[in-house]
Amino acid sequence: MAKSPSEPPAPAPSAPVAKTVHTFCRYCMCSCGLEVTVQDNQIRKISADKLNPHSWHDFCAKGRTANQLVEHPRRILRPMRRVGESYVEESWDTAIGDIAARMNALIDAGGPDTIGTYYGNPSGHSSSNVMFMNAWMDAVGTNNRYAVGSVDQNALHVVAEAMYGSALMVPVSDIDNCDYFLLVGTNPAVSGWNWLETAPDGWRRALTRQAGGATLVVVDPVLTESAEKADVHLAVRPGQDWALLLAMVKVILDEGRQHRGDCADLATGVPALARLVSEADLDDLAARCGIDRGVIECTARDFAAARTAMAVTRTGVSQHAAGAVGEWLGHVLNVITGRMDRPGGRRFEPGYFDALKLAALAKTKPHVSRVAGRDMVAGAHALAELPDEITTPGRGQIRAMLINCGNPVVSGPDGTRLDRALAQLDLLVVIDLVQRESHRHAHWLLPAAHWLERDDLLAFTSNMHDEPFVQYGAKVVEPPPGVRQEWEIFVDLALAMRRPLFGVRGFNTFIRATRRIAALTRRPAWAFGPHWLDRLFIRMSRKINGRRLTWRDVMAHPHGLVLGPREFGHFRQALRTDDKRVHVAPPELLERTRELLAAPHPMAPEGFPFQLGNRRNRHSMNSWLNELPGLHRSGKRNDVLINSEDAADLGIAEGDLVRVFSPTGEVVLAASVSKRPRRGMVLIDHGWGSRIFDPRGGEQPESFGVNRNLLVDGHSVDPLSQTSPLSSSYVGVQRL
Ligand SMILES: Nc1nc2c(c(=O)[nH]1)N[C@H]1C(S)=C(S)[C@@H](COP(=O)(O)OP(=O)(O)OC[C@H]3O[C@@H](n4cnc5c(=O)[nH]c(N)nc54)[C@H](O)[C@@H]3O)O[C@H]1N2
Ligand SMILES: Nc1nc2c(c(=O)[nH]1)N[C@H]1C(S)=C(S)[C@@H](COP(=O)(O)OP(=O)(O)OC[C@H]3O[C@@H](n4cnc5c(=O)[nH]c(N)nc54)[C@H](O)[C@@H]3O)O[C@H]1N2
Ligand code: SF4
Ligand SMILES: [Mo]
């Protein structure tokens, strides 16, 4: 309507008031407490929440700039359907309807296994995502589930299941009482003290102990930022930690340095372990791992004699063909020297919520994969198997894939083969914030919410914090209107496919009923969703000091709530083994170790004399965040680090362009001559070489650096953890 001239002028819009929200960062397991200033649904500033009593100390530039992914110029803002070589925006109804119809048609023709899924690392930082994705996969009934664990932490799941009786029973570090740190295959100075564990400020706390007299031993083929600070750096041969750790166990058992009480009372299987080490020869083990026998003996004796000590093993151990054995022997060292559940060692943190119980209830039905014939690990098959499962004809062949929070072409082995396989699918659906390398063949791109745009209660990781702690991850801003959280997508898909969520008949009817009631009463919270489960988990919380946590407690503490002191004595009780003891000698691990002992010493194949190592960067998160401005000021690319003596032999100088090749692939990048890698090893950061497409704007894809995993063979995996040997492939290097 036109304004009459007599009307008073509209008041000048007053600037919206800024508000402060306290939450935590969900990029990595450090889970840093954040203070975020918001104005008019725009993030103005992100800083460390220094009132967070548990976890703000690792706060880094990734958290500080988290708004940049929220505001990413190439962010997907509405569902996008592929039309030829470009994409068009569609409504959610159209997207869900089309995907449901196409998936149902595939299931009708070939059964539920025609639908495959891959879920990546960020899904683990959202309990609503994980729960509802599993509920949807159960609705579909597919066994074709592939997960990031097979390029990450599967070894820990396998070992925890075998030794402690639950894949989720992971010990946490008691850093502040530790006198002797044996850190194997981890670089906490860069990556934080985290894997399936959150020990806020862990690295600096360990350095404080060191300044007070504790010994810090870092086992790493690379002179990393952590190794530089160590009292002892053992530059192990890549992939051979198992030999080093077995030698240490042998020295301890042969010389009678074990903790007699724990070996008799807490553990079973010590005689079998003793038999195993009696078959091994110290000189042989020393030659395998490339560490002097005398040094191994001293390290073993010092570890066993220290007042308090812990061995910590991480991805540098797990991402190899002998990863599960290496991981196992790290735990064995702790158990036989009496480090479990004692100050300065590794504890079990019961948290506020019994995640082990829930994990046992929600266990995935066992399944043997069609092509490779392998069991699942922690509810999923190995990423390395995915290409063959897509391309090999027969009943159970995958014809549609859903990628949730993942970039497997870059994060897993032999991305070229996976990329080709993804191109053959009838349907590829991606849920992500932007379209990356693994998504280039997608038929549908579904826009996800960033963690700053969603609430999270991560009850599953309750026992992974190094003290009893709870914090509600509050939403900071509203997501753009066309964006949805993963759980909503999974519920809508299950409803549209007419397949019951959680695989429970009648569940969809129940959901519809709650939605109707919510609409009638205008109370959106009455519609079934993850908030129902969050409240349930708080209700199910453990009694601490005789009192159960309440929802009100959680909400009243936006900075998070430390529920009590770090306690010992929960480990034994938490064990899920039938005899309530730690199984130090699981038969499959003994057998695999004997296999390794019988195998010849590793030798570089003709023409590929170097082993390819890996680094993480403080300002990258695996294959993402690399593209954001402000991070990576020194240049947005990765180069190849070559040991200075090797470089001299090859005639390679700083900055030279080199070709790095393996039987699987090749990449070209600049050389950096360095003292960091040990001789015979070259280092390339992973996570680079992933294109970022522009499905909305139609601009050219952006790309930074090269994907070093193109050099990794996808066929060989650790038979126990099914993890790809990402950090021990053999490569050749040539100056161009
Ligand atoms: N050579 C080598 N390879 C490695 C490793 C190594 O050390 N060396 N490390 C391995 C490890 S430890 C890991 S964890 C894997 C990671 O492997 P992946 O999990 O497969 O890949 P990421 O690079 O983490 O990619 C995550 C994707 O999720 C998207 N994303 C982020 N947040 C969200 C969200 O909230 N919702 C949705 N839907 N999407 C989101 C990002 O945009 C990105 O595209 O890589 C592994 N690969
Ligand atoms: N800034 C940053 N932080 C992160 C991440 C990130 O991408 N960026 N990712 C997060 C994720 S998903 C994870 S899983 C954690 C991982 O946390 P960490 O496991 O600590 O990861 P890395 O920093 O890659 O350290 C692994 C170390 O193992 C070494 N290594 C390689 N091969 C061998 C070997 O055969 N033997 C031994 N002993 N060492 C070896 C490597 O040289 C490297 O220094 O980090 C998390 N934190
Ligand atoms: S990315 Fe940085 S700020 Fe975020 S949780 Fe990890 S260490 Fe903390
Ligand atoms: Mo990871």
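Counting convention: from 1, in listed order, for ligands and their atoms alike. For reference, positions follow the sequence shown, starting with 1.
At a 4.0 Å cut-off, not a single heavy atom of G192 sits close enough to ligand 3 to count as contact.
For the 3.5 Å distance criterion, the side chains of T723 and D718 fail to qualify, holding no donor opposite an acceptor. Between the side chains of E453 and W451, no donor-acceptor pair of N or O atoms lies under 3.5 Å.
The residues R436 and E627 are annotated as salt-bridged, a charged nitrogen and a carboxylate oxygen being separated by less than 4.0 angstrom. A salt bridge between K475 and D455 is absent, with no side-chain N of the basic residue lying under 4.0 Å from a carboxylate O of the acidic one.
Atom 8 (Fe) of ligand 3 lies under 2.8 Å from an N, O or S atom belonging to C32. For atom 2 (Fe) of ligand 3, the set of nearby N, O or S atoms under 2.8 Å includes none belonging to C28.
Contacts of S727 with ligand 1, taken as heavy-atom pairs under 4.0 Å, are absent altogether.
Interface of Y27 with ligand 3, defined as ligand atoms under 4.0 Å from a residue heavy atom, comprises 1 (S). The ligand atoms of ligand 3 that sit less than 4.0 angstrom from a heavy atom of K62 are 1 (S).
For a threshold of 3.5 Å applied to N or O pairs, the pair formed by R436 and ligand 1 contains at least one separation below that value. Checked against a 3.5 angstrom limit, the closest N/O atoms of N709 and ligand 1 fall inside it. Polar contact check, A448 against ligand 1: no nitrogen or oxygen pair lies under 3.5 Å apart. Distances between N or O atoms of R708 and those of ligand 1 include at least one value under 3.5 Å. The distance criterion of under 3.5 Å between nitrogen or oxygen atoms is not met by H450 with respect to ligand 1. Not a single N or O atom of T315, backbone or side chain, sits closer than 3.5 Å to an N or O atom of ligand 1. Considering backbone and side-chain N/O of D432, one or more are found under 3.5 Å from N/O of ligand 1.
For the pair K636 and F704, the cation sits on the ring face: its NZ or CZ lies under 6.0 Å from the ring centre, inside 45° of the axis.
Among T117, N129, D432, the one residue that satisfies the side chain to side chain donor-acceptor pair (under 3.5 Å) test with N404 is N129.
Separating the OG1 atom in T664 from the OH atom in Y730 is a distance of 14.0 Å, to the nearest 0.5 Å.
A 4.5 Å side-chain heavy-atom check between H559 and P53 finds at least one atom pair inside the cut-off.
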